[in-house]
Each structure stands twice: as structure tokens, then as C-alpha cells.
Amino acid sequence: MSTLATDFIRNRIREDLENDVVDGTIVTRFPPEPNGYLHIGHAKSICLNFGVAAEFGGKTYLRFDDTNPSKESEEFVHSIQEDVRWLGFDWEDRLTFASDYFEQLYSFATQLIEKDKAFVCDLTADEIRATRGTLTEPGSDSPFRTRSIAENLDLFRRMRDGEYADGAKVLRAKIDMASPNLNMRDPVLYRILHLAHHRTGDSWCVYPLYDFTHCICDALEGITHSLCTLEFEDHRPLYDWVLDNVSINFHPPQIEFSRLGLEFNVMSKRILTSLIDSGQVEGWDDPRLPTIAGLRRRGVPAAAIRDFCSRVGVTKQANLVETSLLDFCVRAELEDTAPRGMAVVEPLLVTVINFEGDDIELEARNHPKNLELGSRRLTFGRELYIERSDFAVTASKKQRKLTLNGLARLRYGFIVECVDVINDDSGLPIELKVRYVENSRSGQDTSGLKPKATLHWVSKANAVHAEIRLFERLFNVREPDGSSFESDVNGNSLRSHHGFVERAAVESKWNPCQFERNGFFAFDSSSTPDRPVFNRIVSLMSSKK
RNA sequence: UGGGGUGUAGCCAAGCGGUAAGGCAGUGGGUUUUGAUCCCACCAUGCGCAGGUUCGAGUCCUGCCACCCCAGCCA
């Protein structure tokens with residue numbers, strides 16, 4: 001976090017500053033389309049754009065690229081702002097919308113017509129596709145390409161005035177139908193869409209396309225470095241063409257970097273949307289999703305996401321980052337600060353048969369090293385719970401478990417010896433009878449006993465019933481493409497348990513916290529005081545074999 | 001077989017002609033009442049391949065190969 005990043009973009013900016021190609025202040029922008037929630041791939045771009053500006057004393061705009069009213073909505077502009085803010089970035093007064101510039105955009109389009117650089121085309125979408133040519137063959141000119149400037153001006157005006165139906169006409173740039181770059185084959189600049197826009201309402205029925213809009217907005221806002229992902233590399237000539245042919249005295253350079261790939265995850269908004277629509281997950285904030293809202297609900301700290309993005313770096317190489325790196329960042333962020341408590345996910349009842357009288361109060365540190373986190377009282381009594389998986393009738397020497405006739409230490413409490421196991425009809429243990437060693441109390445142990453296992457536990461008197469949700473990867477393939485949810489989606493990605501959490505963790509509202517030996521947890525948003533729900537953010541690292 | 005890109009360890013990623021950073025994962029060891037944390041050590045005679053230039057090449061040149069992106073009136 002503290003080492004300053006040196007990637008090809010920051011190097012470029014440093015050079016531009018030194019060579020005075022920008023005058024002192026660098027300006028970037030994060031330009032999401034409000035047609036979905038943000039995901040961790042967007043976080044990479046957000047961290048880059050806002051991070052770079054902060055590092056070089058510059059400014060960053062949050063600009064919504066809202067040129068397609070058929071897909072966009074106010075819900076998404078709200079969620080996106082919330083997510084960017086939560087990630088820790090501030091656009092101050094630089095919140096803009098491409099739709100703020102619709103009037104200027106329209107007049108720039110008119111300019112293009114006047115310079116004979118654009119024309120109104122009556123071809124249908126299918127006809128345009130058919131005359132675009134292929135990757136290896138040139139396209140052919142539209143029969144409307146030779147319309148007079150005056151006619152084009154008139155027609156474009158009438159498009160705006162609503163005289164034509166959707167799709168009846170488009171405005172096209174007049175470039176080169178034989179260009180090897182398909183984006184340069186007279187690309188469509190404006191289309192007719194009789195659709196209300198979430199910000200401009202019914203003011204417009206013609207909407208500009210990305211290639212025409214984005215570069216102009218960048219120029220108008222004085223963006224000194226327009227950073228985008230690799231798939232726009234082929235659009236750069238068009239980005240430049242538009243700015244070169246319109247009266248704007250500012251021309252940002254477009255610089256492309258590779259998108260983030262995270263194994264066992266999808267970043268595609270299309271696939272994310274279908275996951276939600278098909279009920280595979282609960283919504284955009286499902287804790288199994290790599291969305292910012294999902295990560296936040298799961299309990300992942302924003303700082304961990306920032307750290308992750310910084311560790312991943314910025315290059316032009318296609319990448320598929322392992323989830324272990326994200327897990328590492330989450331653990332690293334929580335290790336020093338998360339209070340420790342104990343929770344039993346799959347409880348097994350334990351009766352301490354030689355325990356009599358009042359419960360004993362024990363003291364437990366809330367963190368093994370960070371003493372500022374203080375300590376809490378634990379009660380030890382006749383009945384308590386341990387983790388089912390911590391008991392086995394017999395176990396190898398390698399395994400650290402409580403066994404029949406074996407010893408184990410209850411963390412911060414006493415050493416116990418299991419003297420009997422009671423099974424249900426199917427042979428599953430339902431209760432353990434143990435004896436505790438009176439002089440083995442933590443901190444004042446004179447028993448001389450050294451059990452291999454230290455177990456987490458919750459005494460019955462101190463236990464709060466809680467739903468505990470454990471997550472696994474949503475997909476069981478490293479690079480899901482969304483083509484087959486049936487085979488690719490992990491049916492076991494959510495396992496909900498009814499367990500017990502020690503009272504202090506619930507009452508003190510530790511969030512996030514660590515349940516020792518189980519992982520880091522956070523309250524789910526569905527949690528209520530009398531029905532706590534915990535999400536496991538990430539398990540602990542384990543060297544167990 | 002058009003155009004645009006990218007190839008350095010299992011995964012990221014530095015390197016900008018002077019003899020392969022760092023992180024994650026992994027392995028071995030130490031500390032430890034969380035199989036956690038922390039600490040130490042190990043982990044590319046090798047940089048997609050083949051030639052060439054050079055005293056010297058991951059870095060320069062040539063030729064191959066592989067992979068990614070592009071034929072929306074999406075962004």
C-alpha cells in the first residue's frame with residue numbers, strides 16, 4: 001500500500017508532466033454506464049483513475065455515460081455513486097453525465113455535417129451490417145453518402161424533431177468503408193430512439209453513440225489522460241478522428257489497459273444480470289458475487305479491495321488473478337483490527353460431568369496481540385458446545401481433535417477429557433461426556449498436561465443462536481463464460497448453518513470480527529438483534545494437510 | 001486467412017544493452033493455548049520459438065508461433 005506504484009500509465013503521466021505536455025494538473029475520469037452494479041473490475045479502474053489523480057495532485061470526474069436510455073436507470077446511478085464513495089473516493093463537485101452535454105453534442109454533430117464529414121443514412125440496421133463488409137473484405141458506400149450538406153442538415157434537424165420512427169435514419173460519420181478497422185467504416189454517430197431518458201426525460205429522441213460522445217466529453221472536461229480497457233484500442237482512431245474534425249481545442253490521449261480477470265468469477269454485466277434474473281443468486285449484493293455491493297455485504301473492507309487492486313497492478317496483459325490474492329488482502333486487512341470471539345458453526349453438545357455449582361467466569365483477550373481491543377468474560381459451566389468436526393472417536397497423531405479418552409484444551413478455559421460419547425440411532429455423536437481438569441485453567445495451569453488440540457467452544461449459558469453463512473466459489477470453473485449455468489455454477493456455494501455465537505460478539509456488535517479457527521465474519525444486512533446472521537468473509541489460512 | 005494487441009515462475013508483475021525485483025500460492029524450519037498471526041529460509045542458468053547484431057541481449061534486428069479483441073443503430 002505504501003510503495004508507490006510504477007506502471008506504464010503512471011510512467012507515462014510522469015513523462016507528460018516533465019515534458020509539459022499537460023499544464024500541471026492531471027485530470028482523469030471514471031465513466032460508468034448506469035446499466036448495472038459495479039464490480040471488482042470497475043474497482044480496478046476506479047482505483048487507477050482516482051488513485052493516479054490523487055498521487056499527482058490532480059482531479060477526477062465521476063461521469064455517467066448515459067447515452068442509451070433503453071438500458072440505463074436511476075437505480076444504477078445511485079448504486080454506482082454509493083459504491084465509489086464506499087471504496088473511499090471523492091469526486092467532490094465533479095459529478096457529470098454525458099447527457100449534460102446532449103445539446104453541445106448535437107451541435108458538434110451539426111459541425112461535422114457542415115464539413116461534409118457526416119451524413120444522414122436511411123439504410124436499415126440490417127442493410128448497414130450487410131454493407132459493412134467483413135474482417136477481410138471492404139464494405140461499400142451507403143447510397144445516401146452523397147447527400148448534400150443542406151439536405152443532411154435538414155434531415156438531421158428533423159430527426160431531432162421527431163419526424164421519423166426509431167431506426168428509420170441514423171447519422172453516420174463519413175470516413176472510409178474500406179478501412180481495415182471496422183470502426184472507421186462510416187460508423188453510426190446518432191440513432192433515433194423515442195424513449196424517455198432517466199435524466200433528460202422526453203427532451204430528446206435522438207441519442208449519440210459512445211464513440212461520438214465519449215471523446216467529446218473527455219475533451220470538454222479537460223481530461224488529460226483518458227484511461228480505458230483494451231477492447232477500446234480499436235476505437236482509438238475514431239476517438240481521435242472525431243476530436244480532429246470538431247472544433248475543440250483539447251485532445252486527450254486515450255490509453256488502454258487490460259481488464260481484471262478473477263478466477264471462478266464473472267465480470268460481465270450480461271452474465272451477472274442473468275445470474276440474478278435466473279435466481280442463481282439473490283441480487284446484485286449477493287455475497288458470492290464479485291460486485292462491490294456483494295463484497296461489501298459479505299464484509300470485505302474497502303481497504304482490502306484497494307490493496308488488491310494495487311497488488312494486481314496495471315498492464316496490457318490479459319490476466320486471470322487467483323482468488324487467493326484477494327483472500328490474502330482481506331485477511332491482511334482484518335488481522336490486526338478484527339476482535340476475536342468464538343462461534344460454533346456445527347454444534348456438538350458437551351456435558352462436563354464433574355462440574356458442579358456456579359458457572360466459572362473466565363477472561364479472554366479480544367485479540368492475541370492488539371491489547372487495545374481489550375478482553376471479555378466467558379462463562380464455563382456444565383454444558384457447552386464444541387465444533388462437530390473437532391471430535392472423533394479416534395484420530396491420527398497429526399490430527400488435532402478431541403478423541404474418546406483423549407484430552408483437548410478449551411480455548412481460554414480448561415483442559416477436558418472425553419470419557420463417553422452418545423450417538424443417535426444412525427451412529428452420529430449427539431453428546432459428549434467429559435471431565436474437566438480443575439487445575440488446568442488458562443493462565444494458571446499447574447496440571448502439566450499438554451493436549452495437542454485447542455478447541456473453540458461456547459458455553460450454553462453464554463450462547464446466542466445465530467445463522468452462520470459459509471460461502472464457496474459461485475462457479476466451479478476457473479473462467480466461466482456464462483454459457484452453461486447448469487454445469488458451471490457450484491450448487492454448494494452457500495451453506496447456511498444454525499450455530500452458536502458467544503454473547504459478547506453479538507452484543508458488542510463486533511463487525512467485522514474473527515471467530516477463532518473459523519475465519520473472519522461480518523453481520524449480514526438481513527441480521528436483526530434477536531436473529532443474528534453472520535457471513536464468513538474469508539476462512540483463516542490453514543497449513544493443515 | 002484484414003486490423004489492433006499481448007507473450008518473464010502455478011498466478012500477478014518489475015525490468016528500458018551490463019549478467020532475472022517484489023507480491024500471492026507452494027515447500028522447509030522457528031515462535032504460538034487460533035493448524036491463525038509473526039519470523040527465517042527455499043522457490044526461473046531462465047524471459048513464446050528460431051536465427052542474427054554485440055565484448056555482452058529478457059532488453060536491439062529478422063522470421064516464425066501462440067493467445068486475446070473487433071463485423072451493435074451497446075458501452
Side-chain angles (χ1 to χ4, degrees), chain A residues 3 6-7 11 31-33 35 65-68 70-72 98 121 123-126 128-130 132-139 166-172 179-185 187-193 207 209-211 213-214 228-237 256 258 260-261 263 269-270 308 310-329 331-332 335-336 340 342 367-369 398-400 409-413 415 440 442-443 445 450-456 514-520 539-545:
Chain A
T3 56
T6 56
D7 49 68
N11 291 342
E33 181 188 15
N35 68 342
D65 224 328
D66 56 347
T67 58
N68 185 356
S70 72
K71 295 185 174 179
E72 297 152 5
C121 181
L123 256 25
T124 65
D126 284 344
I128 288 180
R129 188 177 311 119
R132 184 155 27 225
T134 68
L135 294 179
T136 52
E137 303 156 29
D166 288 5
K169 287 180 166 49
V170 292
L171 181 73
R172 290 228 255 170
S179 171
N181 181 343
L182 303 202
N183 295 122
M184 300 299 271
R185 321 244 261 224
V188 174
L189 267 20
Y190 266 86
R191 80 288 225 183
I192 300 171
L193 240 35
Y207 292 95
L209 275 90
Y210 169 86
D211 286 307
T213 308
H214 201 84
C228 65
T229 43
L230 250 30
E231 66 273 23
F232 291 103
E233 224 154 11
D234 287 341
H235 294 246
R236 191 171 61 223
E256 310 86 6
S258 55
L260 171 69
E263 61 173 11
K269 276 192 234 181
R270 197 199 93 241
F308 173 74
S310 125
R311 285 172 188 272
V312 161
V314 180
T315 68
K316 299 188 73 143
Q317 275 152 251
N319 60 80
L320 189 63
V321 178
E322 292 178 343
T323 54
S324 62
L325 181 61
L326 214 208
D327 291 345
F328 169 84
C329 293
R331 294 188 188 108
E335 172 58 29
D336 294 339
R340 267 58 167 176
M342 293 193 283
H367 194 284
K369 292 179 181 170
K398 300 271 189 185
Q399 293 175 304
R400 301 185 190 175
R409 152 145 258 129
L410 297 180
R411 177 95 161 136
Y412 292 120
I415 292 172
S440 68
S442 280
D445 183 357
K450 298 289 177 207
K452 305 183 306 261
T454 299
L455 274 31
H456 59 279
Q514 180 191 110
F515 290 140
E516 293 198 25
R517 303 209 306 139
N518 264 324
F520 291 98
S539 65
L540 261 27
M541 194 54 159
S542 173
S543 58
K544 180 165 41 174
K545 287 183 182 166

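If you're wondering where the values come from, they're calculated on a predicted model, not measured in any experiment. Letters A, B, ... mirror the listed sequences (proteins, then strands); counts begin at 1.
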Measuring only the P atom in each nucleotide, how far is C16(B) from C12(B)? A whole number of Å is fine. 22 Å

Using Watson-Crick or G-U wobble geometry with both distances under 3.5 Å, which nucleotide pairs with A71(B)? none

Just N and O in the side chain of Arg129(A): are any of them under 4.0 Å from OP1 or OP2 of G72(B)? yes

If the C1' atom of C49(B) is compared with that of U6(B), how far apart are they to the nearest Å? 16 Å

Please answer whether the main-chain N or O of Thr323(A) pairs with a side-chain N or O of Glu263(A) as donor and acceptor at a distance below 3.5 Å. yes

Using atom CG of Leu182(A) as one end and atom P of C73(B) as the other, report the distance to the nearest whole Å. 11 Å

Remember a base hit wins even if backbone is also touched, and classify Val312(A) as base, sugar-phosphate or nothing at under 4.0 Å, heavy atoms. sugar-phosphate

Tell me if a side-chain donor or acceptor on Ser258(A) pairs with a main-chain N or O of Gln317(A) at a distance below 3.5 Å. yes

Can you measure Glu233(A) atom CD to G4(B) atom P for me and round it to whole angstrom units? 10 Å

Nucleotide nearest Gln514(A) (side chain, heavy atoms from C-beta), chosen from C74(B), A75(B), U34(B): U34(B)

Nearest to the side chain of Thr315(A), which nucleotide is it out of G35(B), A14(B), C74(B)? A14(B)

Both distances below 3.5 Å, Watson-Crick or wobble geometry, any strand: find the nucleotide opposite U6(B). A66(B)

Can you tell me, in whole Å, how much space there is between the P of C42(B) and that of C24(B)? 16 Å

Compare the minimum distances between each of A75(B), A36(B), C11(B) and the side chain of Glu322(A), then state the nucleotide with the smallest one. C11(B)

Any N/O donor-acceptor pair, His456(A) side-chain to A36(B) base, under 3.5 Å: no

What's the closest nucleotide to the Glu33(A) side chain, out of A75(B), G3(B), A71(B)? A75(B)

Taking any heavy-atom pair under 4.0 Å as a contact, classify Leu123(A): base, sugar-phosphate, or nothing. base

Applying a 4.0 Å non-hydrogen cut-off, can you work out what Phe232(A) is touching in the nucleic acid: base, sugar-phosphate, or nothing? base

Treating Arg340(A) as the side-chain partner and Glu516(A) as the backbone partner, does any N or O pair qualify as donor plus acceptor under 3.5 Å? no

Between G10(B), U33(B), G35(B), spot the one nearest the side chain of Arg411(A), thanks. U33(B)

Please measure how far the C1' atom in G2(B) lies from the corresponding atom in C11(B), and state the result in whole Å. 34 Å

Once you apply a heavy-atom cut-off of 4.0 Å, does Gly443(A) come out as touching a base, just sugar-phosphate, or nothing? base

The side chain of Asp234(A) lies closest to which of these nucleotides: G35(B), G23(B), G4(B)? G4(B)

Once you round it to whole Å, what is the distance between P of G4(B) and CE of Met184(A)? 13 Å

Complement of C55(B), any strand, by Watson-Crick or G-U distances under 3.5 angstrom: G18(B)

What's the CG-P distance between Leu326(A) and A25(B), to the nearest Å? 12 Å

Measure from NE2 on His367(A) to C1' on U33(B) and round the result to the nearest Å. 16 Å

Would you tell me if any nitrogen or oxygen in the side chain of Gln317(A) comes within less than 4.0 Å of OP1 or OP2 on G7(B)? yes

Between A36(B) (C1') and Arg340(A) (CZ): distance, integer Å: 7 Å

Is there a side-chain contact between Leu325(A) and Glu322(A), using heavy atoms and a 4.5 Å cut-off? no

Does a distance-only test, which skips hydrogens and angles, find a donor-acceptor pair under 3.5 Å between the side chain of Thr136(A) and the base of U1(B)? no

Closest approach of Gly413(A) and Arg409(A), non-hydrogen atoms and distance? O-NH2, 3.1 Å

Interatomic distance at C1', G3(B) relative to A44(B), whole Å: 35 Å

Donor-acceptor pair under 3.5 Å, Arg409(A) side chain vs U33(B) base: yes

Determine the minimum heavy-atom distance between Ser440(A) and Asp445(A), stating which atoms define it. CA-OD1, 3.3 Å

Answer with base, sugar-phosphate or nothing: what part of the nucleic acid does Tyr210(A) contact at a heavy-atom distance below 4.0 Å? base

Touch class at under 4.0 angstrom, heavy-atom based, for Leu325(A) against every strand present: sugar-phosphate

Base, sugar-phosphate, or nothing for Leu209(A), non-hydrogen atoms under 4.0 angstrom? sugar-phosphate

Base G5(B) paired with Glu256(A) side chain (donor-acceptor, <3.5 Å): no

Counting only side-chain N and O atoms of Arg132(A), is one of them less than 4.0 Å from OP1 or OP2 of G72(B)? yes

What I want to check is whether an N or O donor and acceptor connect the side chain of Lys316(A) with the base of U6(B) at under 3.5 Å. no

Test item: Arg191(A) side-chain N/O and Gly167(A) main-chain N/O as donor-acceptor pair under 3.5 Å: no

N/O (side chain, Arg400(A)) to phosphate O (OP1/OP2, U34(B)) under 4.0 Å: no

Should the side chain of Asn181(A) and the base of G4(B) be counted as holding a donor-acceptor pair, with the cut-off at 3.5 Å? no

For Lys169(A), answer base if it contacts any base atom (sugar-phosphate contacts may also be present), sugar-phosphate if it contacts only those atoms, and nothing otherwise; contact means non-hydrogen atoms under 4.0 Å. nothing

Going by heavy atoms in the side chains, are Thr67(A) and His214(A) under 4.5 Å from each other? no

Students often get this wrong, so: under 4.0 angstrom with heavy atoms, is Gly313(A) touching a base, only sugar-phosphate, or nothing? nothing

Minimal heavy-atom distance between Leu260(A) and Asn319(A), with the atoms involved, is CA-OD1, 3.8 Å

Note: for Asn183(A) and Ala453(A) on RNA chain B, the residue whose nearest nucleotide lies more 5' is Ala453(A)

Under 4.0 Å between a side-chain N or O of Ser542(A) and OP1 or OP2 of G35(B)? no

So which nucleotide does C42(B) pair with, by the Watson-Crick or G-U wobble rule with both distances under 3.5 Å? G26(B)

I want to verify the glycosidic state of G72(B); is it syn or anti under the 90° rule? syn

Hey, is the side chain of Ser179(A) poking within less than 4.0 Å of OP1 or OP2 on G3(B), counting only N and O atoms? no

When the C1' atoms of A75(B) and C39(B) are considered, how many whole Å apart are they? 49 Å

NA contact type, Lys398(A), heavy-atom cut-off 4.0 Å: base, sugar-phosphate, or nothing? base

Students often get this wrong, so: under 4.0 angstrom with heavy atoms, is Leu189(A) touching a base, only sugar-phosphate, or nothing? nothing

So if I take every side-chain heavy atom of Leu230(A) and compare against U1(B), C73(B), G5(B), which nucleotide ends up nearest? G5(B)

Is any side-chain nitrogen or oxygen of Thr67(A) closer than 4.0 Å to OP1 or OP2 of A75(B)? yes

With heavy atoms under 4.0 Å as the rule, sort Ser324(A) into base, sugar-phosphate or nothing. sugar-phosphate

Expressed in whole Å, how much space separates the C1' atoms belonging to G18(B) and G28(B)? 35 Å

Please report, rounded to the nearest Å, how far the C1' atom of U34(B) is from the NZ atom of Lys544(A). 12 Å

Could you state the OH-C1' distance from Tyr207(A) to G72(B), rounded to the nearest angstrom? 18 Å

